[in-house]
Peer 1: 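Please read through the structure below; I'll follow up with questions.
Note: hydrogens, waters and symmetry copies are ignored here, and every other heavy atom, side chains too, is used.
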Amino acid sequence: VLLDGPTFQNSPAWNIHPLMCEDVTIRNLTVRNPWYSQNGDGLDLESCKNVVIYDNNFDVGDDAICIKSGKNEDGRRRAMPTENVIIKNNVVYHGHGGFTIGSEMSGGVRNMHISNCTFIGTDIGLRFKSTRGRGGIVEHIYISKIDMINIPADAIRFNLFYEGKSPIPDSDQVSESEDQVKHVPVTEETPAFKNIYMNDINAVNCGTAAYFQGLPEMMLEDIHLKNASFSTKNGITIIDAKNFVFEDVKIDQKQQNVMNIYNGIALNFESIEDISKGDIKISGPLSKEIFFRASNIKDEQIKCSDKIKSRNVQVSSN
């Protein structure tokens, strides 16, 4: 399937929707929908295999470049992941998300490389979303050389409570209680996001640097962020997550805490530069093994209970 050159515009819902296709090339397109067009996505790639998407311009009313693989039981029954995809050299001017995976990803998404893209004025830059009931696994996603400018919400957002109510307490509250968290069993309806790598990320004038929220029963896992710079109002929030590695990350935040962590396990931060010298708040009954190394973070910036600190929350210069 080859789309090369045309302008696609003013669709009543999703604009371009390749579904169950192989060997797809999408290049040199202009995709336009009005900014107010709800569900006016630019490109929705669903249950496709072996795809290249490059040298396109998007200015749309919802997610611009969106990866899907079916919704809930229908997607799991189809069992056709979107896989083996290269996305590069694209510009997004408006949209709910510049690059998005989900929320309909029940057949799985894997083996993707996104690079050399620019998002200007999108609500969110890199957007990952799902919820209980979807199922599916998103893994082996590699993102590099992304520039984001004037992002009013989050430069990076992972939300596994999409269209649902988060069970966590207020991000400023240090709590050891689990009473507010609803525990549910892990089943085929439980979505999983893991093994996602982001490198060379630059965000200027954004509302929030990054927001990571997993599920209590299925944490976000193995997320790597390296060589990133954020000029932002609010810092980074991490909820229900494990095995994160942040390396060479610069945060220049103006209003809120540098970082809020709730139920974070085995989080490693190396060479983190906090320009604003704000607080790092750690809460949640599961938080443990959180390390800040070779950073300008000071021990007095870490705000958590003695019980959490005893679970190996450390700041070191080495």
Peer 1: Quick one: pull up CG in Asp274 and CG in Asn296 and give me the separation to the nearest 0.5 Å.
Peer 2: 5.5 Å
Peer 1: Going by the rule side chain to side chain contact (heavy atoms under 4.5 Å, CB included), which residues pair with Asn116 if we only count those two or more places apart in sequence or in a different chain?
Peer 2: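 So Asn116 forms a side chain to side chain contact (heavy atoms under 4.5 Å, CB included) with Asn89, Lys145.
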Peer 1: What residues form a ring-ring contact (aromatic ring centres under 6.0 Å, His included) with Tyr142, not counting sequence neighbours?
Peer 2: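 Expected list: Tyr197.
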Peer 1: Any carboxylate oxygen within less than 4.0 angstrom of a Lys/Arg side-chain nitrogen, looking at Lys129 and Asp63?
Peer 2: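 Salt bridge present between Lys129 and Asp63.
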Peer 1: Any chance you could measure Phe230, atom CZ, to Ile156, atom CD1, to the nearest 0.5 Å?
Peer 2: 4.0 Å
Peer 1: Report whether Val24 and Met112 are members of the same hydrophobic cluster (ILVMFWY, side-chain heavy atoms less than 4.5 Å apart, transitive linking).
Peer 2: yes
Peer 1: Just say parallel, tilted or perpendicular for the rings of Phe269 and Phe292, cut-offs at 30° and 60°.
Peer 2: parallel
Peer 1: For the salt bridge (Lys or Arg N to Asp or Glu O under 4.0 Å) test, which of Lys68, Lys71, Arg78 pairs with Glu104?
Peer 2: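 Result for salt bridge (Lys or Arg N to Asp or Glu O under 4.0 Å) with Glu104: Lys68.
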Peer 1: If you measure from the Lys or Arg side-chain nitrogens to the Asp or Glu carboxylate oxygens, is any gap between Lys250 and Asp248 under 4.0 Å?
Peer 2: no
Peer 1: Pick one: which of Asp147, Ile146, Ile149 meets side-chain contact (heavy atoms from CB on, under 4.5 Å) with Asn202?
Peer 2: Asp147
Peer 1: Between Thr25 and Asp4, is there a side-chain heavy-atom distance shorter than 4.5 Å?
Peer 2: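 Asp4 vs Thr25: side chains apart.
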Peer 1: Rounded at 0.5 Å granularity, tell me how far CZ in Phe8 sits from CG in Asn33.
Peer 2: 12.0 Å
Peer 1: Indicate yes or no: does Asp59 engage Arg32 in a salt bridge with an N to O separation below 4.0 Å.
Peer 2: no
Peer 1: Looking at side-chain heavy atoms only, is the closest gap between Phe193 and Ser130 below 4.5 Å?
Peer 2: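 They are in contact (side-chain heavy atoms under 4.5 Å apart), so the answer is yes.
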Peer 1: Just so I know, are the side chains of Pro18 and Leu43 near enough to count as touching, which here means a heavy-atom distance under 4.5 Å?
Peer 2: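 Yes, side chains in contact.
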Peer 1: Can you get from Met148 to Met198 by hopping between Ile, Leu, Val, Met, Phe, Trp and Tyr side chains that sit under 4.5 Å apart?
Peer 2: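 Yes.
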Peer 1: Once you round to the nearest 0.5 Å, how far does CG of Asn159 lie from CG of Leu215?
Peer 2: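 The CG atom of Leu215 is 9.0 Å from CG of Asn159, to the nearest 0.5 Å.
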Peer 1: Could you tell me the separation between the CG atom of Leu126 and the CD1 atom of Ile101, rounded to the nearest 0.5 Å?
Peer 2: 9.5 Å
Peer 1: Taking the side chain as every heavy atom from C-beta outward, state whether Glu189 and Arg76 have any atom pair closer than 4.5 Å.
Peer 2: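 Yes, at least one pair of side-chain atoms sits under 4.5 Å.
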Peer 1: Does the pair Lys309/Asp306 count as a salt bridge with the N-to-O cut at 4.0 Å?
Peer 2: no
Peer 1: I'd like to know if the side chain of Arg311 and the backbone of Ser287 have a donor-acceptor N/O pair within less than 3.5 Å.
Peer 2: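 Yes: the side chain of Arg311 pairs with the backbone of Ser287.
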Peer 1: Any non-hydrogen side-chain atom of Ile16 less than 4.5 Å from a side-chain atom of Leu29?
Peer 2: yes
Peer 1: Taking a hydrophobic cluster as the set of Ile, Leu, Val, Met, Phe, Trp and Tyr residues connected by side-chain heavy atoms closer than 4.5 Å, whether directly or through intermediates, do Ile275 and Val258 fall within one such cluster?
Peer 2: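 Different clusters: Ile275 never reaches Val258 through Ile, Leu, Val, Met, Phe, Trp or Tyr contacts under 4.5 Å.
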Peer 1: Roughly how far apart are Met218 CE and Lys194 NZ, rounded to 0.5 Å?
Peer 2: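 Here the rounded value is 7.5 Å.
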Peer 1: Any side-chain donor-acceptor pair under 3.5 Å between Asn199 and Asn227?
Peer 2: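 Result is yes, a qualifying pair exists.
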Peer 1: Side-chain heavy atoms nearer than 4.5 Å, only ILVMFWY residues, links allowed to pass through others: does that put Met20 and Leu45 together?
Peer 2: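 No, no single cluster joins them.
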Peer 1: So which of Phe158, Phe212, Phe291 actually passes ring-ring contact (aromatic ring centres under 6.0 Å, His included) with Phe244?
Peer 2: Phe212
Peer 1: Between Asn84 and Asn50, does the side chain to side chain donor-acceptor pair (under 3.5 Å) criterion hold? Intermediate values first, please.
Peer 2: CA-CA 5 Å; Asn84 309 336; Asn50 304 337; 3.0 Å; yes
Peer 1: Evaluate the side-chain proximity of Arg110 to Ile137: yes if any heavy-atom separation is below 4.5 Å, no if none is.
Peer 2: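 Not in contact.
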Peer 1: Looking at Glu217 and Arg132, is there a salt bridge between them, counting it only when a charged N and a carboxylate O are closer than 4.0 Å?
Peer 2: yes
Peer 1: Is any side-chain heavy atom of Cys304 closer than 4.5 Å to one of Ile290?
Peer 2: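 Result no, sub-4.5 Å side-chain heavy-atom pair not found.
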Peer 1: Between Lys49 and Glu22 (salt bridge meaning N to carboxylate O under 4.0 Å), is one present in this structure?
Peer 2: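 A salt bridge is absent here (no side-chain N lies under 4.0 Å from a carboxylate O).
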Peer 1: Please report the shortest heavy-atom distance between Gly235 and Thr208, naming the atom on each side.
Peer 2: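 Nearest heavy atoms, Gly235 then Thr208: O-CG2, 3.3 Å.
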Peer 1: Counting N and O atoms only, with roles assigned by atom type, does the side chain of Gln38 sit under 3.5 Å from a partner on the main chain of Asp62, one being a donor and the other an acceptor?
Peer 2: no
Peer 1: Sub-3.5 Å donor-acceptor pair from the side chain of Ser47 to the main-chain atoms of Met80, do we have one?
Peer 2: yes
Peer 1: Is Val92 reachable from Tyr36 through a run of hydrophobic residues whose side-chain heavy atoms are each under 4.5 Å from the next?
Peer 2: no
Peer 1: Side chains of His96 and Ile124: does their closest heavy-atom pair fall under 4.5 Å?
Peer 2: no
Peer 1: Looking only at side-chain N and O atoms, does Asn56 offer a donor or acceptor that is under 3.5 Å from a partner on Arg27?
Peer 2: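 There is no such pair (donor and acceptor under 3.5 Å, judged by atom type) between the side chains of Arg27 and Asn56.
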